[in-house]
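These notes concern the structure reproduced below.
Note that the structure is predicted; figures quoted are calculated from it, not measured.
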Amino acid sequence: IQISAVKVRYILFRFISVYFLFFLHFNPSISQRILEKSEALEPVFSEFKLPGENLGNSIQKIAQDSIGFLWFGSQYGLHRYDGLSVKTFRHQPENKNSILNNYIEDIYVDKSGKIWLAHYTSGGITCYDPYHEKFIRHQFDPDDPEGIVGNATNVIAQDHEGLIWIGTDDGLSRMDPATGKCKNFKNIPGDGSSLSCNVIRDIYVDKKGVVWVATGFPFDINGNCGGLNRFDPKSQKFVRYLDKSLRENQQTNLKIRGMLEDSKGNFWVGTNGNDLYLLDRNTEVFRCVNRDMVNYPELVSAWKKIKFKTPSSHVTSITEDNTGKLWITLYNSGVMIFDPETKTCSFTGIRSKAEGKISSGNAWQIFEAKDGSMWMATAAAGMKLYKLTSTTNPFNFFSFKPYKIYLLNDDVISITVDTDGNIWIG
């Protein structure tokens, strides 16, 4: 009798399980809603303190080198974090083998492992060679036509040929790192193939090696200087993206900062006015996705609930995590998490006194380290550096999905890993 009761319970359990999976299989909308709910993660932030009090925790940029060190650029100097301790590099007036200035606007790790620093206020850039523990300064010289084009440096990137691109408030420089000599580009009035604006706020090199240059200062709310520029290496000129291709109504501001090409090849661009654009690679036309009611209704709905506190609010960065979600930081507003596949999104505001929330008044950059940890810089004096310690659901969830290449079914009873690292699921 006891054996029969066990069998009956097992049969009932299997019947209910199969019925539930059968129900979800033929009701994909319900299955999708359950999955979306499990993936609508709410990030939990905890403050991570670096040396230097307010200035030392006013972080403009976060990067990671090939060894695994995390680098934080602050207004107090350059911080290196090895997972246990922090070492800070600061400007030493009597030592030429030190960083050019303690104010660090951008950090870029090149292919050789060297670390490049843009300083914004110091008249040049610094290159750190970690193998020889040496800082090399490249200073602005107005009398040198092959030097850096401007005094205020904002951003640094490296193209596929190994050349270093430097964005300043007075134009764009392309440096040969072997010689330190630059070819400079500036806006030329009346020349539509020159830079659309001399104020360079971001440089992005996509997977095909195309160099994109974002221009315009979002805090200059009355100025019209801005636009997105694509560099043509054959002509050594620029193709501008503004007016009709980036302006769907008169409210759109063309001052641009955040750019990202995601793992699927989609190219995203963020602008002043908190608009998010997506490039159609076939037509070379950008569409504003946060105002596209047809394709992105959930994003539009979430975007409308954001309280933009100042006219200078803008998209400061766009980052893709290892699950394909986009993290979009908004100056003076908060962080939007958008999943392009499921078209779901969630929003975290700022200036919250609740535990695990953002108490600072700014969101500047989200960075994902190689170990999967997420960091957020808030920039500006008195702000904070945050580490995302956990979420309401810290696990990635994989399940059966009709008509898609996912699990064969949801009944997982065995897992093993082979010698190549492949995971086999029975």
Atom NZ of residue position Lys207 - does it have more than 12 heavy atoms of other residues, nucleotides or ligands inside 6.0 Å? yes
Side-chain contact test, heavy atoms from C-beta onward, threshold under 4.5 Å: evaluate it for Phe45 versus Met376 and give yes or no. yes
Do any N or O atoms from the side chain of Thr344 and from the backbone of Asp339 form a donor-acceptor pair under 3.5 angstrom? no
Among Tyr386, Trp327, Phe367, Phe48, exactly one meets ring-ring contact (aromatic ring centres under 6.0 Å, His included) together with Trp375. Which residue is that? Phe48
Could you give me the CA-CA distance, side-chain angles and deciding distance for Asp106 and Lys61, then say whether salt bridge (Lys or Arg N to Asp or Glu O under 4.0 Å) is met? CA-CA 5 Å; Asp106 191 36; Lys61 192 63 179 290; 2.7 Å; yes
All ring pair (Phe, Tyr, Trp, His ring centres under 6.0 Å) counterparts of Phe140, not counting sequence neighbours: none
With side chain to side chain contact (heavy atoms under 4.5 Å, CB included) as the test, would you mind laying out the steps for Lys114 and Asp129 before giving the verdict? CA-CA 5 Å; Lys114 293 179 180 178; Asp129 183 348; 4.2 Å; yes
Are Val199 and Asp220 close enough, and set up right, to give a side chain to side chain contact (heavy atoms under 4.5 Å, CB included), and what steps lead you there? CA-CA 11 Å; Val199 180; Asp220 180 14; over 6 Å; no
For a side-chain hydrogen bond (donor to acceptor under 3.5 Å, both in side chains) with Arg240, tell me which candidate from Ser194, Ser193, Ser196 qualifies. Ser194
Parallel, tilted or perpendicular: which one describes the rings of Phe231 and Phe185, with boundaries at 30° and 60°? perpendicular
Closest approach of His160 to Asp206 (non-hydrogen atoms, all atoms of both residues): NE2-O, 3.4 Å
Which residues satisfy the salt bridge (Lys or Arg N to Asp or Glu O under 4.0 Å) test with Asp321, sequence neighbours excluded? none
Does the pair Leu78 and Phe72 meet the rule for a side chain to side chain contact (heavy atoms under 4.5 Å, CB included), with working shown? CA-CA 6 Å; Leu78 176 66; Phe72 301 94; over 6 Å; no
Would you please classify the geometry between the Phe69 ring and the Trp71 ring as parallel, tilted or perpendicular, with 30° and 60° separating the classes? perpendicular
Going by heavy atoms in the side chains, are Gln64 and Glu368 under 4.5 Å from each other? no
Applying disulfide (SG to SG under 2.5 Å) as the test, list every pair that has at least one member in residues 170-219; sequence neighbours left out. Cys197-Cys225
If we check side-chain contact (heavy atoms from CB on, under 4.5 Å) with Leu228, which of these qualifies: Val269, Leu254, Val213? Val269
Straight-line distance of Thr378 OG1 to Leu385 CG, nearest 0.5 Å: 7.5 Å
Got more than 12 heavy atoms from elsewhere within 6.0 Å of NZ, Lys96? no
Asp169 versus Asn154, side-chain donor and acceptor atoms under 3.5 Å: yes
Do Ser112 and Asp110 have a side chain donor and acceptor closer than 3.5 Å? yes
Please check if the side chain of Asp65 supplies one atom and the backbone of Ile67 the other of a donor-acceptor pair under 3.5 Å. yes
What residues form a ring pair (Phe, Tyr, Trp, His ring centres under 6.0 Å) with Trp212, not counting sequence neighbours? Tyr241, Phe267
Would you say that more than 12 heavy atoms from the other residues, nucleotides or ligands in this model lie under 6.0 Å from the NZ of Lys304, or not? no
Distance-only side-chain donor-acceptor flag, Ser373 / Lys387, under 3.5 Å: no
Backbone N/O of Ser98 and side chain of Arg137: donor-acceptor pair under 3.5 Å: yes
List the residues meeting ring pair (Phe, Tyr, Trp, His ring centres under 6.0 Å) with Phe338, not counting sequence neighbours, and say none if there are none. Tyr296
With a sphere of 6.0 Å drawn around CG of Asp82, does it hold more than 12 non-hydrogen atoms of other residues, nucleotides or ligands? yes
Could you check Thr153, Asn184, Asn151 and say which one makes a side-chain contact (heavy atoms from CB on, under 4.5 Å) with Thr168? Thr153
Evaluate the side-chain proximity of Asn290 to Met336: yes if any heavy-atom separation is below 4.5 Å, no if none is. no
Using the test ring pair (Phe, Tyr, Trp, His ring centres under 6.0 Å), find all partners of His119 that sit at least two apart in sequence or belong to another chain. none
Pair Lys384-Glu47, salt bridge (Lys or Arg N to Asp or Glu O under 4.0 Å): steps then yes or no: CA-CA 7 Å; Lys384 299 176 181 179; Glu47 185 180 353; 3.7 Å; yes
Shortest non-hydrogen pair, Lys255 vs Pro218, comes out as CD-CA, 3.5 Å
I need the single residue from Thr319, Val335, Ile318 that forms a side-chain contact (heavy atoms from CB on, under 4.5 Å) with Thr329. Which is it? Val335
Passes side chain to side chain contact (heavy atoms under 4.5 Å, CB included), Ile115 versus Ile107? Steps please. CA-CA 7 Å; Ile115 299 166; Ile107 305 174; 3.7 Å; yes
Heavy-atom check, side chain of Gln75 versus side chain of Tyr120, under 4.5 Å: no
